[in-house]
Amino acid sequence: MRHTPHPASPFQHAWAKAPYSDDSIEGDLEGPQWLPLHVHLTDTAEIAGRLCREWLGPGPLDVIAQDVGGPTEAGEIVRLAAAVHDLGKLTPAFAAQVDDLRNHMHANGFPFNGITAAHSRELPHGLAGHVLIHRFLVEAGANDEIATAFAVIIGGHHGVPPTSAQLLQAHHRPDLFGPKEWADARHQLLDYLLTTANLRDALRVATTKKLSDAAQVLITGLVIMADWIASSADHFPLAPRFNPVKTSPHERAEAAWQKLALPRRWQPAPVENLDATELLRSRFTGLQHVTANPVQELAVEAARNMPEPGLLIVEAVMGVGKTEASLLAAEILAAKFGMSGIFYGLPTRATADAMFVRITRWLEQVPDRSGSSVKSLVLRHGTAALNPDLETIPRQWADHPPTFDDAQFSGVGIDENVDDLSSRAIQAVVHSWTSAHKRASLADFTIATVDHQLMAALAARHFVLRQLGLSRQVVVLDEVHAADTWMRTFLLRALEWLARLRVPVIALSATLAPELRRELVQAYERGRRAGLPPPAVPKVQPRPAGRLKHSKPPIHQVDDTPLPEPLVTDDYPLLTTLAAGQSGHRSATISTSTVEVRVDWLLDPVEHLLNLLKNELADGGCALVVCNTVKRAVERYQALTGTSGWTVTLAHSRFIAADRMRNDAELRADFGPPDADGPAPNPARDRRVVVATQVAEQSLDVDFDLLITDLAPIDLILQRMGRLHRHPRGDTRPTRLRTPRCLITGFDPAAGPIVDPGGKHVYGEHPLLRAACLLTEHVGGKAIRLPGDVPTLVRRAYADEPLRPDEWQQTMDDAAVRDNEARLKVSRNAASGTIQSPGATRSLLSWLPTPGAKTEIDAARQVRQDDGGFEVLLLEQAEDGLRLPHHLETGAPMRIPTDCRPDRVAAKEIARCAVRVPGWVSERHLTEVIAALNENYYPAWQKEPLLAGQWILLLGPDGTAQLGSLRFSYSPTTGLEVSDGRITER
DNA sequence: AACAAAAAAAAA
Ligand SMILES: [Fe+3]
Ligand SMILES: [Fe+3]
């Protein structure tokens with residue numbers, strides 16, 4: 001096939017890439033360079049084809065195939081989109097941007113008619129491309145709907161699909177598209193592309209087949225990915241300016257692909273011949289002699305029985321091997337449904353860090369039919385760079401000595417900018433083409449905070465890349481019960497999309513309220529239905545009388561039979577499945593040890609607490625005191641420290657990361673599981689009191705002899721109770737503490753249905769009162785059995801059934817109404833930041849808010865609710881410069897320079913000094929605090945990714961700072977405290 | 001006078 005355009009073709013003078021000559025400093029004597037437009041387009045088409053053939057995998061390809069006829073056509077349509085993605089660059093509005101190149105085109109017959117570089121912003125080339133491709137498809141016989149569905153991919157190839165308003169504006173500016181000479185050149189270019197890249201059949205598909213929203217999402221993602229790779233001058237060399245490129249598209253792409261060296265995609269092997277136990281033993285080196293437990297058996301069975309991609313919810317307590325169960329099931333599902341990787345989402349960075357190591361070990365054991373020993377794996381969260389495991393593991397899987405490319409694409413990649421972008425500007429440009437976060441979507445295996453899954457449903461720039469990445473991974477979500485109302489809004493929308501993209505999902509959880517279980521199941525089912533092929537003969541909708549004349553017909557015929565209802569049951573552990581529209585459930589009989597907790601009230605005045613502890617800890621032992629607010633926790637900590645007879649520790653989230661990590665580690669060391677050879681008396685547990693906020697609720701595997709907790713929603717109370725006699729310590733516990741006891745504070749049942757204002761602010765009134773009612777049933781009476789009683793208590797707490805006492809009913813009903821309204825408001829606000837549901841719109845047009853303000857789009861919306869709090873890096877101001885908080889300094893004091901970029905080691909130390917400032921500070925004192933923090937802005941630090949954009953809070957040597965009227969103080973034992981001077985002086 | 005915990009943030 002002839003790849004060089006006819007010498008007379010004017011389009012060969014059009015340009016796509018033109019690095020400024022300043023970019024090639026450092027004795028680069030080659031002079032200015034360029035890349036002709038037609039070369040960039042064939043490059044991108046070649047890469048897109050390779051991505052489809054080698055990287056994408058059958059699962060997502062089939063989603064596209066469903067719209068266009070088959071997998072071959074799917075690959076072709078992707079190549080077509082890639083081949084024309086920058087057609088909008090063949091317009092005077094784009095081409096006028098660089099004088100040199102503009103003049104060259106002008107000299108070769110392209111009239112500019114006064115269009116200058118200043119006009120380029122009025123017609124971004126993506127938008128121009130949308131208009132041009134739409135017109136071209138319509139001329140080739142497509143209807144408007146089909147043409148728009150394809151054109152919007154071109155319009156959105158920079159991450160934001162156009163809005164209808166933008167299209168309208170573009171149509172009013174024909175001058176920006178240029179006169180006939182330009183239109184002719186574009187037609188010749190299209191003709192050249194169709195011939196050279198062999199895309200005539202693809203065009204026929206594009207003019208006759210309507211792409212669904214899901215296909216639009218995936219293809220846009222693929223085009224962006226291909227464009228990024230094809231835009232790397234390191235892989236696709238530029239030519240001296242105005243010289244033609246002589247290498248053929250195929251050769252260029254072949255060389256680039258080699259150099260890129262993407263690890264071959266994971267191809268899981270079918271494992272039908274192994275039972276759950278055999279599977280378990282072969283995938284986990286530490287479990288050679290273990291037998292699969294019922295939860296693991298059921299998970300494997302559920303995965304094997306799934307007739308099509310579906311949802312599997314596993315509710316079980318921590319410690320029954322849910323992680324193993326999820327990985328076994330994930331491997332089976334990946335093999336069955338053509339997935340090429342796994343996304344493992346965790347609620348916190350700390351849990352993600354811990355899971356990272358476990359998954360790497362598992363990966364070493366998992367068979368791969370691709371024959372490759374290199375796996376592409378990424379740890380994706382904000383402080384992944386601080387994880388020490390990353391430094392030890394990377395090279396393990398590299399087949400060959402790691403080069404820069406290896407760091408990017410094979411072995412372990414981390415989610416951050418590469419060190420030392422070096423002073424050579426052109427290097428920096430090359431290196432950063434796939435910088436950081438957005439590159440991570442290429443990986444087969446992702447361990448991340450759930451946020452990265454939720455963000456797939458966030459209406460923000462480049463969300464299509466997240467969707468594309470997830471579309472080829474089995475998604476496992478851990479601790480889904482922990483999602484609050486805000487996050488749940490994103491979770492459900494993201495789940496609809498996963499279902500639409502035919503992605504199997506495994507959700508792990510503690511006991512779910514039946515309502516949440518139902519929401520998860522129905523969200524997945526809605527997404528699945530959105531992807532069902534429309535019925536052959538569309539039903540004619542009878543127009544209901546009185547409806548607006550212009551009411552639109554539904555996008556396509558949707559199955560309107562009722563959504564499946566998962567069975568409401570108190571079985572536990574519980575596996576709920578949903579596949580092919582059918583919901584099922586299985587429960588396992590599993591012999592976990594039961595803990596019987598006796599419950600009692602303890603009135604608030606701190607003397608009661610002191611007396612209780614004096615008695616109970618008389619013979620030793622340890623107690624956990626959980627408070628609903630930091631303020632209460634600090635108060636109780638201080639009251640307890642003033643008394644002898646025990647050692648007190650305080651734990652909450654307002655510690656700098658380094659201290660928090662150390663505190664957590666100490667808690668695990670002192671109160672964690674006993675050694676495998678059996679429990680021994682542990683002096684660290686002797687007369688210890690830990691006062692904590694909700695940080696003690698989750699993820700920390702610790703055990704206490706006695707629990708005192710503020711009233712909280714029942715599921716959280718039960719989580720806290722889970723810290724009571726959690727490990728087998730038998731008779732090493734003091735005699736009087738051998739019966740597990742839980743005292744509830746923050747509530748006086750005799751005083752009526754009145755909850756503590758702090759708790760009310762955090763949880764709302766209604767769940768607290770419901771919890772109080774349920775606990776009353778057990779006070780002084782029968783113990784709460786863990787985990788057996790958990791499902792019943794959780795179900796009743798969130799059901800409508802009235803609870804005694806009857807006199808509280810009215811208060812509770814009123815509270816329920818208020819809480820519901822508040823919750824509805826939160827989810828409405830969250831929903832304004834989500835993308836559309838699958839099947840709700842014909843195209844991605846206007847899906848994201850007005851582009852142009854690119855950064856605003858990214859920043860203004862988020863998957864976590866904004867409470868006004870913000871993070872600062874806490875450093876000390878010494879006479880001769882900055883230093884780390886002095887309690888962190890080991891050895892020689894380290895002075896931190898502010899006039900140059902700190903080295904990597906120092907930057908990590910500084911990043912570990914991050915702490916969150918409570919929300920009320922910014923709500924009431926925003927301007928004065930910002931003004932004060934702004935003074936500590938060091939331009940030289942902004943080049944360091946770990947420090948860029950961070951606020952710095954400087955404390956004096958006494959550990960305090962005055963910002964306006966606010967006084968900040970920090971100590972490694974009590975954490976960050978902020979007080980308002982104007983108030984305390986009164 | 002507030003009031004938990006939790007996370008994130010660079011193009012072709
Ligand atoms: Fe572009
Ligand atoms: Fe491009």
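- When the nucleotides dA9(B), dA2(B), dA7(B) are ranked by their closest atom to the side chain of W920(A), dA2(B) comes out on top.
- Note on V450(A): nothing from the nucleic acid sits closer than 4.0 angstrom, heavy atoms only.
- With distances taken from any side-chain atom of R924(A) to the nucleotides dA12(B), dA2(B), dA6(B), the minimum falls on dA2(B).
- Rounded to a whole Å, the CZ atom of R488(A) is 20 Å from the P atom of dA5(B).
- Phosphate contact (OP1/OP2 of dA5(B), side-chain N/O of T693(A), threshold under 4.0 Å): present.
- For Y970(A), there are no ring pair (Phe, Tyr, Trp, His ring centres under 6.0 Å) partners, not counting sequence neighbours.
- Summarising the geometry, the separation between CG on D756(A) and C1' on dA4(B) is reported as 13 Å, rounded to the nearest angstrom.
- Although no hydrogens or angles enter the test, the distance criterion places a donor-acceptor pair under 3.5 Å between the side chain of R723(A) and the main chain of L700(A).
- Rounded to whole Å, atom C1' of dA8(B) lies 6 Å from atom CE of M455(A).
- Atom NE2 of H40(A) is separated from atom C1' of dA11(B) by 12 Å (rounded to the nearest Å).
- Take the nearest nucleotide of DNA chain B for V863(A) and for N628(A): the residue whose nucleotide is more 5' is N628(A).
- Using a distance-only test at 3.5 Å, with no hydrogens or angles considered, a donor-acceptor pair links the side chain of D819(A) to the main chain of E765(A).
- Checked against ring pair (Phe, Tyr, Trp, His ring centres under 6.0 Å), H40(A) has the following partners two or more places apart in sequence or in another chain: H85(A).
- Counting non-hydrogen atoms under 4.0 angstrom, R349(A) reaches the backbone sugars and phosphates but no base.
- Among the heavy atoms of the strands lying under 4.0 Å from K17(A) are primed sugar atoms or P, OP1, OP2 only; no base atom is included.
- Contact check, T449(A) against dA8(B): a side-chain N or O comes under 4.0 Å of OP1 or OP2.
- Between the CH2 atom of W486(A) and the P atom of dA5(B) there is a distance of 20 Å, given to the nearest Å.
- Checking the phosphate oxygens (OP1, OP2) of dA12(B), a side-chain nitrogen or oxygen of R461(A) falls inside 4.0 Å.
- The side chain of T348(A) lies closest to dA7(B) when the candidates are dA12(B), dA7(B), dA4(B).
- In this model, the phosphate group of dA4(B) is not approached by any side-chain N or O of H652(A) to a distance below 4.0 Å at OP1 or OP2.
- When rounded to the nearest whole Å, the span between CD of E944(A) and C1' of dA10(B) equals 15 Å.
- One can place CG of L946(A) at 13 Å from P of dA10(B), the figure rounded to the nearest angstrom.
- No N or O donor and acceptor, one from the side chain of D867(A) and one from the base of dA4(B), sit under 3.5 Å apart.
- Place Q950(A) and P757(A) on DNA chain B by their nearest nucleotides, and P757(A) ends up nearer the 5' end.
- A ring-centre distance under 6.0 Å is not found for H761(A) and W920(A).
- R380(A) has no side-chain polar atom (N or O) that falls below the 4.0 Å cut-off from OP1 or OP2 of dA8(B).
- At the phosphate of dA5(B), OP1 or OP2 sits under 4.0 Å from a side-chain N or O atom of S653(A).
- Checking K17(A), R252(A), R50(A) one by one against D43(A), the salt bridge (Lys or Arg N to Asp or Glu O under 4.0 Å) holds for a single residue, R252(A).
- We find that CZ of F490(A) is positioned 15 Å from C1' of dA6(B), with the value rounded to whole Å.
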